[in-house]
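Some notes on the structure that comes next.
Given the structure is predicted, the values throughout are model-derived calculations rather than measurements. For this chain, numbers begin at 1 and follow the sequence in order.
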Amino acid sequence: MTSAYHTPVLLQESVDGLAVKKDGAYVDVTFGGGGHSKEILKRLGENGKLFAFDQDKDALKNTLEDSRFQLIHQNFRFLNQFLKFYGIQEVDGILADFGVSSHQFDSANRGFSTRFKADLDMRMNQENELSAFQVVNSYPLETLTAVLTDYGELRNAKNMAKAIVGAREASPIRTTEALKSILRSFLPKMRENKILAQIYQAIRIEVNQELEVLKEFMVQTPKILKKGGRLSIISYHSLEDRLVKRFIRDGKFEGEAEKDFYGRKQVPFQKVGGLIVPSSKEIAKNNRARSAKLRIAERL
């Protein structure tokens, strides 16, 4: 593994949040370059165990040669299913670092970054059928508008969607550069990068079903974590963080928490400490850390 693949964000803080036990079992559901996994392994004893998930085949090159470690090439939405396959019913801690890895952003051909001209792809799992090309070229106007509104929080979502639908009638939109060109009138010079990032985020979230995957993952965690086990989650935008915060607080994503006969909340977690964000020193070293938010919770 090289640090060039991905610089782990909030490394010490997120692993500290797990309160690692020497002989415990842990899961890193977003392996990437292996930075967080490597730190967890440093704190485990010889009888400890670490499972890691990553759906991106590029991440498999970073696997760690350690008898206590098992890398699973799968989306973490299948967390429970694959832990059971390996005979694991419960674990002591789960770490998640959501978002796009540095490697994915820096691989020009993947289409994640606004900096490069690339095919419309944005798949975290390169074997998935749905890509940015399908979203941009086949989604009906109403659906495309909803994607840009809900996942990009864009004010001009409907007009942007109309511009895309109108342009693709002449010929398919194949590259990120072509998409930028079509939406040029919506990109004022002073805010171009910010709006482009929102557009890319919206399409990427749809392609990878990121919020649905997050929800599916979160609802499994109370069943998999032992009592006293820790959840350590890093998110990068308000859509993710809102879901994480709500689930930790209420045990659900919508509505009020369940209550017992006496009106006491019946929730699976209690938060540990407050919201943690990167220091100015970390952001200076790694600008991609600037939007990171870490929440830690303990299984009741």
Side-chain angles (χ1 to χ4, degrees), residues 6 8-55 59 62-64 66-72 74-99 213-236 240-241 243-245 247-249 251 267-278 292-300:
H6 181 66
V9 175
L10 291 164
L11 176 62
Q12 298 300 325
E13 296 91 337
S14 60
V15 179
D16 286 349
L18 292 175
V20 175
K21 299 174 182 175
K22 290 283 188 185
D23 59 351
Y26 294 86
V27 189
D28 175 358
V29 299
T30 47
F31 177 68
H36 289 103
S37 283
K38 202 170 182 181
E39 184 62 30
I40 293 169
L41 286 168
K42 280 183 187 176
R43 305 185 190 196
L44 282 175
E46 61 180 18
N47 295 319
K49 189 70 179 173
L50 174 63
F51 294 87
F53 284 71
D54 208 297
Q55 62 182 327
N62 302 319
T63 192
L64 306 173
D66 192 308
S67 60
R68 302 167 297 168
F69 177 75
Q70 178 66 54
L71 179 56
I72 301 167
Q74 285 290 340
N75 190 307
F76 57 81
R77 73 194 313 169
F78 305 118
L79 176 66
N80 186 41
Q81 177 183 335
F82 278 90
L83 288 181
K84 282 187 174 177
F85 175 80
Y86 285 97
I88 303 297
Q89 303 298 322
E90 291 182 312
V91 297
D92 296 281
I94 301 171
L95 184 145
D97 179 10
F98 298 138
V213 169
L214 187 157
K215 288 179 183 177
E216 289 178 29
F217 159 70
M218 290 295 292
V219 297
Q220 293 175 70
T221 57
K223 302 170 190 172
I224 294 169
L225 277 171
K226 297 176 182 176
K227 285 189 176 182
R230 292 287 187 89
L231 196 57
S232 186
I233 298 185
I234 304 167
S235 57
Y236 292 86
E240 291 174 337
D241 186 55
L243 293 173
V244 173
K245 181 181 178 181
F247 194 80
I248 289 173
R249 186 185 70 199
V267 293
F269 291 107
Q270 66 177 5
K271 70 175 184 175
V272 176
L275 178 69
I276 300 171
V277 297
K293 295 180 175 68
L294 169 64
R295 295 187 187 276
I296 299 163
E298 185 170 295
R299 181 73 171 93
L300 293 171

Using the ring pair (Phe, Tyr, Trp, His ring centres under 6.0 Å) criterion, which residues pair with Phe78? Sequence neighbours excluded.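 For Phe78, no residue satisfies ring pair (Phe, Tyr, Trp, His ring centres under 6.0 Å) once neighbours in sequence are set aside.
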Please name all residues satisfying ring pair (Phe, Tyr, Trp, His ring centres under 6.0 Å) with Phe82, sequence neighbours left out, ordered by chain then number.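 Partners of Phe82 by the ring pair (Phe, Tyr, Trp, His ring centres under 6.0 Å) criterion come out as none, since no residue qualifies.
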Under the rule for side-chain hydrogen bond (donor to acceptor under 3.5 Å, both in side chains), what residues qualify as partners of Asn80, not counting sequence neighbours?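 Not a single residue meets the side-chain hydrogen bond (donor to acceptor under 3.5 Å, both in side chains) criterion with Asn80.
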Listed by chain and number, what are the side-chain hydrogen bond (donor to acceptor under 3.5 Å, both in side chains) partners of Asp97, not counting sequence neighbours?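 Result, side-chain hydrogen bond (donor to acceptor under 3.5 Å, both in side chains) vs Asp97: Tyr236.
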Would you give the length of the straight line joining atom [atom1] of [X] to atom [atom2] of [Y], rounded to the nearest 0.5 angstrom?
X: Leu50; Y: Asp66; atom1: CG; atom2: CG; value: 8.5 Å
X: Leu231; Y: Glu298; atom1: CG; atom2: CD; value: 11.0 Å
X: Lys293; Y: Lys245; atom1: NZ; atom2: NZ; value: 10.5 Å
X: Leu44; Y: Glu39; atom1: CG; atom2: CD; value: 10.5 Å
X: His36; Y: Ile234; atom1: NE2; atom2: CD1; value: 4.0 Å

For residues Met218 and Leu214, determine if any side-chain heavy atom of one lies less than 4.5 Å from a side-chain heavy atom of the other.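 Side-chain contact under 4.5 Å: yes.
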Does [Y] offer a backbone N or O that forms a donor-acceptor pair with the side chain of [X] under 3.5 Å?
X: Asp28; Y: Ala52; answer: no
X: Arg230; Y: Gly17; answer: yes
X: Ser14; Y: Ser232; answer: no
X: Asp92; Y: Lys226; answer: no
X: Arg68; Y: Asn47; answer: no

Using every non-hydrogen atom in the two residues, find where [X] and [Y] come nearest and quote the distance to one decimal.
X: Leu11; Y: Gly35; value: CD1-O, 3.6 Å
X: Ile233; Y: Phe217; value: CD1-CE2, 4.1 Å
X: Ala292; Y: Val9; value: CB-CG1, 3.6 Å
X: Ile276; Y: Ile296; value: CD1-CD1, 3.9 Å
X: Leu71; Y: Ala59; value: CD2-O, 4.3 Å
X: Asn62; Y: Gly32; value: ND2-O, 3.1 Å

Inter- and intrachain pairs under side-chain hydrogen bond (donor to acceptor under 3.5 Å, both in side chains), touching residues 16-26, at least two apart: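 Every pair satisfying side-chain hydrogen bond (donor to acceptor under 3.5 Å, both in side chains) with a residue in residues 16-26: Asp16-Arg43.
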Distance flag, aromatic centroids of Phe31 and Phe69, threshold under 6.0 Å: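 Centroid separation for Phe69 and Phe31: below 6.0 Å.
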Of Leu225, Thr221, Ile94, Ile224, the residue whose pairing with Arg299 passes side chain to side chain contact (heavy atoms under 4.5 Å, CB included):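 Exactly one option meets the side chain to side chain contact (heavy atoms under 4.5 Å, CB included) with Arg299, and it is Leu225.
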What verdict does the side-chain contact (heavy atoms from CB on, under 4.5 Å) test give for Phe98 and Val244, after you've listed the backbone C-alpha separation in whole Å, the side-chain angles of each residue and the deciding distance to 0.1 Å? CA-CA 11 Å; Phe98 298 138; Val244 173; 4.1 Å; yes
Is there any salt bridge (Lys or Arg N to Asp or Glu O under 4.0 Å) pair reaching into residues 74-90, and which pairs are they, with sequence neighbours excluded?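 Every pair satisfying salt bridge (Lys or Arg N to Asp or Glu O under 4.0 Å) with a residue in residues 74-90: Arg77-Glu216.
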Find out whether the Lys NZ or Arg CZ of Lys271 is both under 6.0 angstrom from the six-membered ring centre of Phe269 and within 45° of the ring's axis.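 No, cation not above the ring by the 6.0 Å, 45° rule.
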Just say parallel, tilted or perpendicular for the rings of Tyr86 and Phe51, cut-offs at 30° and 60°.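 Because their plane-to-plane angle lies in the 30° to 60° range, the rings of Tyr86 and Phe51 count as tilted.
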Give the C-alpha distance, both sets of side-chain angles, the deciding distance and a yes or no for side-chain contact (heavy atoms from CB on, under 4.5 Å) between Arg295 and Ile248. CA-CA 9 Å; Arg295 295 187 187 276; Ile248 289 173; 4.1 Å; yes
